[in-house]
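Below: one structure, written as structure tokens.
Worth saying up front: this structure is predicted, and the values here are computed from it rather than measured.
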There are 2 protein chains.
Amino acid sequence: MSNINDVAKEAGVSITTVSRYLNNSYPVNVNTKKAIQEAINKLNYKPNAIARGLVRKKTNTVGIIVPYITNMFFPEVVRGISDQCNAKGYDIILVNSNSDGFEEKKAVENFLERQVDGIVIIAPKIEKLPPSFYRKLNKTLPLVLVNKYFNDKDIVFIYNDERDGAFKATEYLLDLGHKNILFISGSENSYSSEVKIKGFNKALKSRGLLQKKNSEDNDNILISDYTSENTFKLIKSNMEHVRKHSAIFCANDLMAIGVIKALRSEGYEVPRDFSVMGFDDISISALYEPGISTVSQNITSLGKVSGDAIIKLISKEDVVRNQVLNTSLIIRDSCSRIKE
Amino acid sequence: MSNINDVAKEAGVSITTVSRYLNNSYPVNVNTKKAIQEAINKLNYKPNAIARGLVRKKTNTVGIIVPYITNMFFPEVVRGISDQCNAKGYDIILVNSNSDGFEEKKAVENFLERQVDGIVIIAPKIEKLPPSFYRKLNKTLPLVLVNKYFNDKDIVFIYNDERDGAFKATEYLLDLGHKNILFISGSENSYSSEVKIKGFNKALKSRGLLQKKNSEDNDNILISDYTSENTFKLIKSNMEHVRKHSAIFCANDLMAIGVIKALRSEGYEVPRDFSVMGFDDISISALYEPGISTVSQNITSLGKVSGDAIIKLISKEDVVRNQVLNTSLIIRDSCSRIKE
DNA sequence: TTGAAAGCGCTAACAA
DNA sequence: TTGTTAGCGCTTTCAA
């Protein structure tokens, strides 16, 4: 591997001039330019980004932390961020946290050592890591938090309006005449399930349908785990309870598929006997039969906007602190008007 | 941000001693250790990996190039590589090439400038970039090529035996009594489709069923584009031709779903009227109804083995040059014995 | 338009 | 067990 010295020697100039030519930072004589370029070609020289990063105190790198890269939702977001960053000359260091707060913290510290210019955390573990962690980090370097939110006016948050998505989906079901809607949550106390339940309840309340009880014995909510398999089992073993409802609203599409399969295995048809609504609009939902009505999370623009934001923060441009993206209802074939 | 000088001053020792403590490279007095650690804590010091990389000529980074991060197959591979690398203290720089040879080349050059310790290319564009490109790269630094192969005894290749997978799938169809099998290819002249067609033809030949023709008018092969939508259309507009066959073997699962949907919309049922076989075993295939019989590519171990290989290459350990992983037949419900 | 030299933060050879 | 010093490959003042 040749370095800038070799090039300078070969071209018969000083390394300063080579550097200037490389970076276009000062005028260089045309003939000198030619000589340098020839030397570069001859030696197959490539500037060392590490050395450059050391002196410039800028690595043109952004760190991304993702909970599960295998989760369909996230690669799409990573892709959006990565596209924006690459276009501006930044590279991506990607770390998979397994949705573990400790791993996330380790990744952040590693990023700091690596002198990344900015950090994007997708679905940060705000249930595990205290707000102070993120606040302090946000003071240290450009930071963007994606798809979660807590109250802080200095941090840049970019997320989908899941609450409104759940609200719209519930309204749609209500408009179809369903009065007893069962909600299948994906986890007990996560940010995402709480937000969706809020939207769900808001819609019920607006029609005077919200039962006034403490949340403990909410009997129109069942808790599953975001997987198709376990939701299948959950429905099968709670059929008696399920039968009291005419529509089932699931916190993600995978669970909606589990529900449909369970219902079928009990001899029911969707949407004939039950309406089933999903959330996320993963690619399966369009391919499945029946096509699953769901809430689209606008994943692509989530990534694009996040990538845009981190680049702007790094460039010290203004960025809106709190960007909430619209979700939209995707109507396919898994819901129908209630039979009287 | 404090540096090693600040720590040394604070602890009242030289920077060498701090460095030794940090790297555990030489014995340091217990009290000195304590003083240094206190200084580190007080100043919240983190070693600068860039500076360290410059002098050590090692960045603990591996570059990964992936054609489409949104393609379901690839995140799984990336995950495997990333797990292995992280466990050994390496970070991942990820670049999405859009399966474009030029982008891939740019990414490689960028990696070289960034002084990565090794490069893993998933599905390298060997149809566009000449073998010489990879051979030269392989002489420059540790390189692993995943899921493609060309004849070179110095490069480390890790790939699934797609040929054998296609062979086994075809044999299975043959064993069910199907004599007229239609193959849906995903592209015209790609490595992957050629390899699968070879396996397909080998099975036919072994039963004396291979038509002796030039490949131009192979009338048991239809060319699609790996998407569900276009395969749907292709089947619809070629129904007359399709009807001459009793089984359809698709080069990926998405196309299998497109085929099933098209068949349904023509009033047929799968597997009653046609048997349909996929390839890849993406997660939809288990959830779809009917469950799609397919060839599993062993994606997880593809990533794991690749990650392992690049680390070993970097550590100058021995690595098998040519690792082919077994594919396996996953039998679900989309194929049945032919009706007489 | 060009060059000499300092220095980015760190490691490692050499010396003590 | 510790410190001095050179230098990794580059950018950037300062001076010419």
Side-chain angles (χ1 to χ4, degrees), chain A residues 1-37 39-40 43-61 89 109-117 140-141, chain B residues 1-37 39-40 43-61 89 109-117 140-141:
Chain A
M1 262 285 137
S2 54
N3 63 24
I4 199 172
N5 263 297
D6 303 327
V7 175
K9 224 166 274 171
E10 178 72 32
V13 295
S14 76
I15 62 168
T16 314
T17 306
V18 177
S19 172
R20 281 170 185 151
Y21 170 71
L22 251 25
N23 299 297
N24 227 286
S25 45
Y26 274 90
V28 174
N29 181 287
V30 189
N31 295 319
T32 315
K33 277 187 183 174
K34 239 173 64 185
I36 295 176
Q37 188 54 56
I40 288 177
L43 299 173
N44 190 26
Y45 167 75
K46 296 202 187 336
N48 181 325
I50 295 298
R52 182 178 276 169
L54 182 60
V55 28
R56 282 204 191 145
K57 291 178 177 311
K58 181 137 195 301
T59 54
N60 277 267
T61 309
E109 275 158 12
N110 179 29
F111 285 162
L112 259 19
E113 293 190 4
R114 282 186 179 268
Q115 319 294 119
V116 300
D117 299 326
T140 311
L141 89 176
Chain B
M1 262 286 135
S2 52
N3 63 25
I4 199 172
N5 264 297
D6 303 327
V7 175
K9 225 166 272 172
E10 178 71 33
V13 296
S14 75
I15 60 167
T16 313
T17 306
V18 177
S19 172
R20 280 168 187 154
Y21 170 71
L22 252 25
N23 299 297
N24 226 286
S25 45
Y26 275 89
V28 174
N29 180 287
V30 189
N31 295 317
T32 314
K33 276 186 184 176
K34 240 172 64 184
I36 296 175
Q37 187 54 57
I40 289 176
L43 299 173
N44 191 23
Y45 167 75
K46 294 202 189 334
N48 181 324
I50 297 298
R52 182 179 275 169
L54 182 59
V55 30
R56 282 205 191 143
K57 293 179 176 310
K58 179 136 197 300
T59 55
N60 276 266
T61 309
E109 274 158 13
N110 179 28
F111 284 161
L112 258 19
E113 292 190 3
R114 282 186 178 268
Q115 319 294 121
V116 300
D117 299 326
T140 311
L141 89 177

From CD1 of A/Ile15 across to P of C/dG7 the rounded distance in Å is 15 Å
Hits for side chain to side chain contact (heavy atoms under 4.5 Å, CB included) against B/Ser14, two or more places apart or cross-chain, chain-then-number order -> B/Thr16, B/Thr17
Closest non-hydrogen contact found for A/Val18 with A/Val7 is CG1-CG1, 3.9 Å
Residues pairing under side-chain hydrogen bond (donor to acceptor under 3.5 Å, both in side chains) where one sits in residues 1-11 of chain B, two or more places apart or in two chains, turn out to be B/Glu10-B/Lys42
| Side-chain donor/acceptor of B/Thr16 to base of D/dT4, under 3.5 Å | yes
Whole-Å distance, A/Tyr45 OH to D/dG9 P, equals 10 Å
Here the distance between atom P of D/dG9 and atom CD of B/Glu113, to the nearest Å, is 15 Å
Okay, side chain of B/Thr61, backbone of B/Thr59: is any donor-acceptor separation there less than 3.5 Å?
yes
Within residues 18-27 of chain A, the residues having a heavy atom closer than 4.0 Å to DNA chain D are A/Ser19, A/Arg20, A/Asn23
Atom CZ of B/Arg114 and atom P of D/dC8 are separated, to the nearest Å, by 23 Å
Scanning both residues in full, the closest heavy-atom pair of A/Gln115 with B/Ala49 reads OE1-N, 4.4 Å
All heavy atoms of B/Asn60 vs all of B/Gly89, minimum pair found to be OD1-O, 3.3 Å
Rounding to the nearest 10°, end axes of the helix from C/dT1-D/dA16 to C/dA16-D/dT1 built from five pairs each make an angle of 40°
inquiry  = Are the side chains of A/Tyr21 and A/Ile40 in contact, using a 4.5 Å heavy-atom criterion?
reply    = yes
Separation of D/dG9 atom P from B/Leu112 atom CG, nearest Å, is 15 Å
To the nearest angstrom, the NZ-C1' distance between B/Lys33 and D/dT2 comes to 14 Å
Here the residues of residues 47-60 of chain B within 4.0 Å heavy-atom distance, strictly under, of DNA chain D are B/Leu54, B/Val55, B/Lys57
Any heavy-atom pair between the side chains of B/Lys33 and B/Ile36 that's under 4.5 Å? no
B/Asp6 atom CG is separated from C/dC8 atom P, nearest whole Å, by 11 Å
> How about B/Leu54 and B/Ile50: do any of their side-chain heavy atoms sit closer than 4.5 Å?
Replying inline: no
Here the salt bridge (charged side-chain N to carboxylate O under 4.0 Å, His left out) pairs for residues 17-26 of chain B, sequence neighbours left out, are none
Minimal heavy-atom distance between A/Ser19 and A/Ser25, with the atoms involved, is O-OG, 4.4 Å
Out of C/dT2, D/dG3, C/dG9, minimum distance to the side chain of B/Ile4 belongs to C/dG9
